[in-house]
Amino acid sequence: MPRPGLRFAAAALSLALGAAAGNGTAHAFSGGNHERITRAALPWESRSLTAMADADSGAIVANDKGSYFDQGFLHCDNADYLDSRYGPNYPRTREQANTELIACIRGSVTRFKQAVAAADGLVDADGKVKPREVDLNTPCAWNEQPDRAKCTVYENLGRGWHAIEDFYSHSNWADQAGPYPIGVHNPPGLKKETLPEFFSVRRYSAMSEREWTQDATSHIPLDLSTGCYPDLESTHKRADCTGRTTHDNDLSKDTMGYNRSRIDSNFDRAVQGATNDVKRQWQDFQDELRQRYGSRGDTMICALTHDDPAHTCS
């Protein structure tokens with residue numbers, strides 16, 4: 001069974017992103033559309049961008065590898081809910097759906113904080129780039145083990161951004177419902193063009209767990225839903241999707257073959273929302289580095305975005 005990631009159809013996504021997606025070869029397999037969205041969002045030099053965005057080996061697809069593949073909260077799955085005004089006795093409460101969404105947000109907040117901490121290893125106390133820590137001549141491992149600082153920052157950012165990109169494909173945040181009665185298999189569409197406040201990752205990283213979860217919950221719309229997928233929920237129990245709004249049949253916009261993708265411009269809106277949010281997350285990360293590390297922060301940003309920072313990031 002394919003992982004419910006952003007496997008948008010390559011040809012359609014090329015039209016949606018246009019020249020901003022870059023000139024790389026289109027990918028029709030898992031991760032190819034994570035790559036295109038990430039490339040569209042980040043103005044980095046070539047090798048650095050490839051290390052982050054590559055569909056096969058980039059940090060952005062690390063959550064689709066190994067045991068991470070089957071953890072739904074790393075892909076914003078299973079936050080499904082249908083209000084009683086659309087039908088009685090939905091098997092999940094709004095509170096249960098919120099728990100899964102908060103688990104997804106928590107992962108991105110945690111990864112943000114870890115990436116900020118790891119960035120300290122990119123430069124020395126005098127603000128000079130550490131050549132060994134920014135070297136990309138050998139591939140990064142993305143295995144949660146100690147690595148070069150640049151790899152560690154990328155891994156944490158990529159894993160955190162992956163979930164955010166998936167949110168737009170797996171939810172009804174930016175889409176609209178089909179032209180038939182609202183119900184379990186045709187949940188309402190929120191058709192929002194704004195970025196969700198509950199993914200204010202940088203702001204939440206400075207707050208206590210209790211404070212930010214309360215704030216995030218207050219911004220979750222009543223009718224927000226992400227599809228149920230039979231992977232592990234935050235309780236580490238496998239989701240039972242019986243009687244629930246599902247990823248595959250009801251909400252997914254992973255490819256143009258899914259029903260929800262074909263409604264109006266749902267597919268394009270999912271792509272654009274994911275791209276805009278990664279732009280936001282990258283800008284917030286830069287702002288945090290500058291605030292935390294002062295002038296060293298600018299050198300850290302240069303080291304992350306340039307291919308030969310030991311020579312170009314004085």
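These numbers were taken from a predicted model, which means no experiment stands behind them. The figures here come from the full heavy-atom set of this structure, side chains too, leaving out hydrogens, waters and symmetry mates.
Atom NZ of Lys128 has 12 or fewer neighbouring heavy atoms from other residues, nucleotides or ligands inside a 6.0 Å radius. Applying the 6.0 Å contact sphere to CD of Glu193 captures no more than 12 heavy atoms from other residues, nucleotides or ligands.
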Pair Arg238-Asp231, salt bridge (Lys or Arg N to Asp or Glu O under 4.0 Å): steps then yes or no: CA-CA 5 Å; Arg238 192 165 297 277; Asp231 50 17; over 6 Å; no

side-chain contact (heavy atoms from CB on, under 4.5 Å) evaluation trace for Asp64 with His34: CA-CA 11 Å; Asp64 281 342; His34 278 293; 4.3 Å; yes

Asn63 vs Asp166, side chain to side chain donor-acceptor pair (under 3.5 Å): CA-CA, chis, key distance, verdict: CA-CA 11 Å; Asn63 278 2; Asp166 274 356; over 6 Å; no

Side chain to side chain donor-acceptor pair (under 3.5 Å) between Gln283 and Asp287, intermediate numbers included: CA-CA 6 Å; Gln283 184 59 58; Asp287 292 344; 3.0 Å; yes

Candidate pair Asp83 and Tyr81, rule side chain to side chain donor-acceptor pair (under 3.5 Å), full reasoning: CA-CA 7 Å; Asp83 187 61; Tyr81 174 71; 3.2 Å; yes

Salt bridge (Lys or Arg N to Asp or Glu O under 4.0 Å) evaluation trace for Glu197 with Arg280: CA-CA 11 Å; Glu197 285 292 324; Arg280 165 176 68 162; 5.6 Å; no

Worked verdict on Tyr204 versus Asp215 for side chain to side chain donor-acceptor pair (under 3.5 Å): CA-CA 9 Å; Tyr204 290 167; Asp215 185 88; 2.6 Å; yes

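Note that OG1 of Thr38 is 13.0 Å distant from CH2 of Trp282, once rounded to the nearest 0.5 Å. Taken to the nearest 0.5 Å, the SG atom of Cys241 stands 10.5 Å off from the NE2 atom of His247.
The backbone N or O of Gln214 sits nowhere less than 3.5 Å from a side-chain atom of Thr217 that would complete a donor-acceptor pair. The closest donor-acceptor contact from the side chain of Ser265 to the backbone of Asp268 lies at 3.5 Å or more, if one exists at all. The backbone N or O of Asp250 lies less than 3.5 Å from no partner atom in the side chain of Asn259, so there is not a single donor-acceptor pair. Checking side-chain atoms of Gln176 against main-chain N and O of Asn266 turns up no donor-acceptor pair under 3.5 Å. Distance alone, capped at 3.5 Å, places no donor-acceptor pair between the Glu155 side chain and the Ala59 backbone. Of the possible donor and acceptor atoms, one in the side chain of Thr226 sits under 3.5 Å from a partner among the backbone N and O of Cys76. Glu100 places no side-chain N or O within 3.5 Å of a backbone atom of Gln96 that could act as its donor or acceptor partner. Using a distance-only test at 3.5 Å, with no hydrogens or angles considered, no donor-acceptor pair links the side chain of Arg92 to the main chain of Ala97. Checking side-chain atoms of Arg159 against main-chain N and O of Ala62 turns up a donor-acceptor pair under 3.5 Å. Looking only at distances, a side-chain donor or acceptor of Tyr90 sits under 3.5 Å from a matching main-chain atom of Thr245.
Hydrophobic clustering of Ile, Leu, Val, Met, Phe, Trp and Tyr side chains at less than 4.5 Å, counting indirect connections, keeps Phe267 apart from Ile263. Under the 4.5 Å side-chain contact rule for hydrophobic residues, Ile220 and Leu251 do not share a cluster. Cluster membership check: Leu195 shares its hydrophobic cluster with Ile164, using side-chain heavy-atom separations under 4.5 Å among Ile, Leu, Val, Met, Phe, Trp and Tyr. Placement of Leu82 and Leu101 in two distinct hydrophobic clusters is found when ILVMFWY residues are connected by side-chain heavy-atom separations under 4.5 Å, directly or transitively.
With no hydrogens or angles considered, a side-chain donor-acceptor pair links Tyr168 and Asp277 at under 3.5 Å. Of the N and O atoms on the side chains of Asp248 and Thr246, not one donor lies less than 3.5 Å from an acceptor on the other residue. A donor atom on one side chain and an acceptor atom on the other are found under 3.5 Å apart for Gln291 and Arg202. Side chain to side chain, Thr275 and Arg36 fail the donor-acceptor criterion of an N or O pair below 3.5 Å. Defined by atom type and a distance below 3.5 Å, a donor-acceptor pair is missing between the side-chain atoms of Ser225 and Asp80. Between the side chains of Glu144 and Tyr68, at least one donor N or O lies within less than 3.5 Å of an accepting N or O.
Smallest separation of non-hydrogen atoms from Asn186 and Gly178: OD1-N, 2.8 Å. When every heavy atom of Val278 is checked against every heavy atom of Leu42, the shortest pair comes out as CG1-CD2, 4.2 Å. Across Pro131 and Val129, no two heavy atoms sit closer than the pair CD-O, 3.2 Å. Here the closest heavy-atom approach between residue Ala115 and residue Val153 is recorded as O-CG2, 3.7 Å. Annotation for Ser261 and Ser252: closest pair OG-O, 3.7 Å, computed over non-hydrogen atoms. Nearest heavy-atom pair across Ala118 and Thr152 is CB-CG2, 3.6 Å.
Taking 4.5 Å as the limit, every side-chain heavy atom of Leu74 sits out of range of all side-chain heavy atoms of His162. Side-chain contact between Trp173 and Pro221 is present, with at least one heavy-atom pair separated by less than 4.5 Å. Residues Glu35 and Asp54 have side chains in contact (heavy-atom distance under 4.5 Å, counting atoms from C-beta outward). Side-chain contact check for Pro181 versus Tyr86: every heavy-atom pair is 4.5 Å or farther apart. Ile102 has its side chain within reach of Ile105: a pair of non-hydrogen atoms, C-beta onward, lies under 4.5 Å apart. In this structure, Thr50 and Trp44 have side chains that are not in contact, with every pair of non-hydrogen atoms separated by 4.5 Å or more. Using a 4.5 Å heavy-atom threshold, the side chains of Arg260 and Asn249 count as separate. Proximity of Leu122 to Lys130: side-chain heavy atoms (C-beta onward) are nowhere separated by under 4.5 Å.
Note on Glu233 versus Arg244: salt bridge recorded, some NZ/NE/NH1/NH2 to OD/OE distance being below 4.0 Å. A salt bridge does not link Lys279 to Glu165: none of the charged nitrogens lies less than 4.0 Å from a carboxylate oxygen. One finds no salt bridge joining Glu288 and Arg203 here, because no Lys/Arg side-chain nitrogen approaches an Asp/Glu carboxylate oxygen to under 4.0 Å. Taking the charged nitrogens against the carboxylate oxygens, Asp223 and Arg85 do have a contact shorter than 4.0 Å, which makes a salt bridge. Ion pairing between a basic and an acidic side chain is recognised when a charged N comes within 4.0 Å of a carboxylate O; Arg296 and Asp126 show no such pairing. Taking the charged nitrogens against the carboxylate oxygens, Lys150 and Asp135 have no contact shorter than 4.0 Å, which rules out a salt bridge.
When each of Lys253, Lys191, Arg269 is checked for a salt bridge (charged side-chain N to carboxylate O under 4.0 Å, His left out) with Asp175, only Lys253 meets the rule.
Between Phe167 and Phe198, the distance from one ring center to the other falls under 6.0 angstrom. Under the 6.0 Å cut-off for aromatic ring centres, His170 and His75 do not qualify, their centroids lying 6.0 Å or more apart. Residues Phe112 and Trp161 keep their aromatic ring centres 6.0 Å or farther apart.
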